[in-house]
Amino acid sequence: MGLGRLGRSGAVCGDPDRDGRKGALVVANNQLEVKQFSFRYPDEPHLTLSGIDLAVKEGEFVVVCGPSGSGKTTLLRHFKRELAPAGVRSGEIRYYGRPLNEYPLSELSPQIGMVMQDPDSQIVMDDALRELVFGMENIGLRTEVMRRRAAEIVPIFGMDSWLHRRTSELSGGQKQLLNLASVLTLQPRLLLLDEPTAQLDPVAAREFLQLLHTLNRELGLTVILSEHRLDEVVTMCDRMLVLDQGEIAFAGEPRTAMRVLFRAQESGLKRFVPAIPRLALLGETGGAQSTDRPAAGAAAATIPLTVREGRAWAAERRWSAPKDKVRLGTDPDMMLECRDIWFQYGRNEPMVLKHCSLEVERGGFLALLGGNGSGKSTLLKIIAGIHRPQRGKVNWAGASGKKGERAGRERVIGYAPQDPSAFFLHDSVEKELY
């Protein structure tokens, strides 16, 4: 992907692909330094970030985690100067030893790339190919360079089949892959990602994270990733930064972070601990049934993070979990039926849904699984009445119990879309609730 120039030494070399000239050599102990940084949004009484101290070396993989509202997105946006929010700030952020605000944006923008949480907020063009080359055009790359980089990135992300589609027709996961690909064509030295897997299916999310791991380990790209789901990234990262109410609750290696998160029950951080280390930590606290439990000190040094480590841990302790009772629903009445649904967005577009049928019982819980673009969101919109299928029908049992009754369906079917901002009409939470 043309990122071979990146290294872990702290040296930064210019990109000859831009204009044929090499940039000046910059040497610093840390690629990014944050010193006593605090931030408060306008008209807010409390600090969103308070006293943040952080140093990131070139080539590190750092994961930032914490509850919603803990300041993760705000912190990452301050590293991308164009996206820094308005407000009152104090402290300092340095990039290769130089204050971040002293860099010209034309120099800094390609070096620090960011993939945001909401894919639509980052897409500006109306088709995927134009979006892919938009950033390269803006920094003045030559046509042959843009073609080469695009040709390198497209097969890596599996974009061949939808490269010429309109961005409005892409699934949320495809949009996020497009955003990452567009950022990587600029060959950044620091990659910021704000919960990038939130709209990816499990398989695509794992492939996405594995790609980040490859970029970091084999090519030396520095990665700072904000993430809620830690199952995959806890084995990839060098360090974890735990934020709680705008302050750093912990900064250090992943195994120690698992114990800190597990013990912080009052702040709700415990729920972020993945299943495998959670089992080990339950064993430490007496929450597991074991016939051969070692001393707490021995267990503390060997918290498992992977499936392989978890199996070895369980085998050593002959651990077994208590069996939970399964409670089944008592009302088998059918709430919803979809019969032979067919749907396409345009006359010349491929069918998104074909022969789609399902049944949902009253009080049931149904999960729709499938890859990006497989039709999950489309089916939900048809059930909610937002789209109407070309063929097939949706039968719904309303309060009266009569199936097929459309009147009043919108009052009892709630729909939460992929992009929550699509529902917001007012500028305050209070007005929105009313």
Side-chain angles (χ1 to χ4, degrees), residues 1-6 15-19 80 82-83 105-201 203-205 207-216 218-219 221-223 225 345-346 349-350 371-374 418-419:
M1 292 172 55
L3 293 173
R5 289 181 297 280
L6 297 175
D15 185 356
D17 281 344
R18 290 195 175 94
D19 56 9
K80 183 69 173 171
E82 312 92 293
L83 302 177
L105 279 179
S106 58
E107 178 184 350
L108 199 62
S109 295
Q111 291 193 31
I112 301 178
M114 184 168 185
V115 177
M116 293 182 284
Q117 191 175 27
D118 177 14
D120 288 310
S121 65
Q122 199 163 348
I123 292 176
V124 295
M125 303 302 287
D126 56 2
D127 70 68
L129 180 57
R130 290 179 181 177
E131 180 66 28
L132 184 64
V133 302
F134 179 78
M136 293 188 287
E137 289 177 337
N138 276 268
I139 64 172
L141 292 183
R142 300 187 302 273
T143 302
E144 61 271 20
V145 174
M146 291 192 289
R147 287 175 177 170
R148 186 181 72 246
R149 292 191 185 182
E152 290 173 346
I153 207 80
V154 166
I156 294 174
F157 285 84
M159 300 166 58
D160 310 70
S161 61
W162 46 272
L163 187 60
H164 297 283
R165 289 182 60 185
R166 296 181 63 83
T167 51
S168 60
E169 297 172 357
L170 300 179
S171 69
Q174 288 170 331
K175 291 177 182 178
Q176 196 68 300
L177 290 174
L178 177 59
N179 285 332
L180 176 61
S182 301
V183 168
L184 290 179
T185 60
L186 304 181
Q187 298 186 347
R189 295 184 173 95
L190 172 60
L191 181 61
L192 311 170
L193 303 107
D194 184 15
E195 297 185 36
T197 65
Q199 299 195 34
L200 298 182
D201 64 74
V203 175
E207 292 175 350
F208 185 99
L209 294 172
Q210 287 293 339
L211 176 59
L212 294 180
H213 189 235
T214 300
L215 292 169
N216 169 254
E218 296 185 10
L219 303 177
L221 178 62
T222 307
V223 176
L225 169 70
Y345 282 99
E349 296 295 324
N372 296 320
S374 61
Q418 213 168 30
D419 177 12

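Keep in mind that the numbers below use all heavy atoms, side chains included, and drop hydrogens, waters and symmetry copies.
- Proximity of R165 to D127: side-chain heavy atoms (C-beta onward) are nowhere separated by under 4.5 Å.
- Rounding to the nearest 0.5 Å gives a distance of 5.5 Å between CH2 of W162 and CG of L178.
- I156 is not listed as a side-chain neighbour of L184, based on a closest heavy-atom distance of 4.5 Å or more.
- Within the 4.5 Å cutoff, no side-chain heavy atoms of L170 are placed close to those of I123.
- When every heavy atom of N216 is checked against every heavy atom of V223, the shortest pair comes out as CB-CG2, 4.2 Å.
- Evaluation of the side-chain hydrogen bond (donor to acceptor under 3.5 Å, both in side chains) rule for D120 yields K175 as partners, not counting sequence neighbours.
- A distance of 4.5 Å separates CD of E169 from CD of E349, quoted to the nearest 0.5 Å.
- Put simply, the side chain of Q117 never gets that close to the backbone of E195: no donor and acceptor are under 3.5 Å apart.
- Counting only heavy atoms from C-beta outward, the side chains of L141 and T185 never approach each other to under 4.5 Å.
- Atom CD of Q122 and atom CD of E131 lie 8.0 Å apart (nearest 0.5 Å).
- L132 has its side chain within reach of L163: a pair of non-hydrogen atoms, C-beta onward, lies under 4.5 Å apart.
- Of all the heavy atoms in V183 and P188, the pair that sits closest is O-CD, 3.4 Å.
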>> Please evaluate residues Q111 and L190 with respect to the criterion side chain to side chain contact (heavy atoms under 4.5 Å, CB included), reporting the C-alpha separation (whole Å), side-chain torsions for both, the decisive distance (0.1 Å), and the verdict.
In response: CA-CA 6 Å; Q111 291 193 31; L190 172 60; over 6 Å; no
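- Looking only at side-chain heavy atoms (C-beta outward), L108 and I112 come within less than 4.5 Å of each other.
- Separation of atoms CG (L215) and OG1 (T222) is listed at 11.5 Å; rounding is to 0.5 Å.
- What you find for V133 and M146 is that their closest heavy atoms are O-SD, 4.3 Å.
- Looking at S109 and I139, their side chains never come closer than 4.5 Å, going by heavy atoms from C-beta outward.
- Taken to the nearest 0.5 Å, the CE atom of M116 stands 11.5 Å off from the CG atom of L193.
- Considering only heavy atoms from C-beta on, M114 stays 4.5 Å or farther from E82 through its side chain.
- Remark: Y345 pairs with F343, H387 by the ring-ring contact (aromatic ring centres under 6.0 Å, His included) rule, at least two apart or across chains.
- Proximity of a side-chain donor or acceptor of N179 to a complementary backbone N or O of P119 within less than 3.5 Å is detected.
- We find the CD-CG distance between E207 and L211 to be 9.5 Å, quoted to the nearest 0.5 Å.
- Between F134 and M125, the shortest heavy-atom contact is CD1-SD, 3.6 Å.
- Across all their heavy atoms, V115 and P196 have their closest contact at CG1-CB, 4.4 Å.
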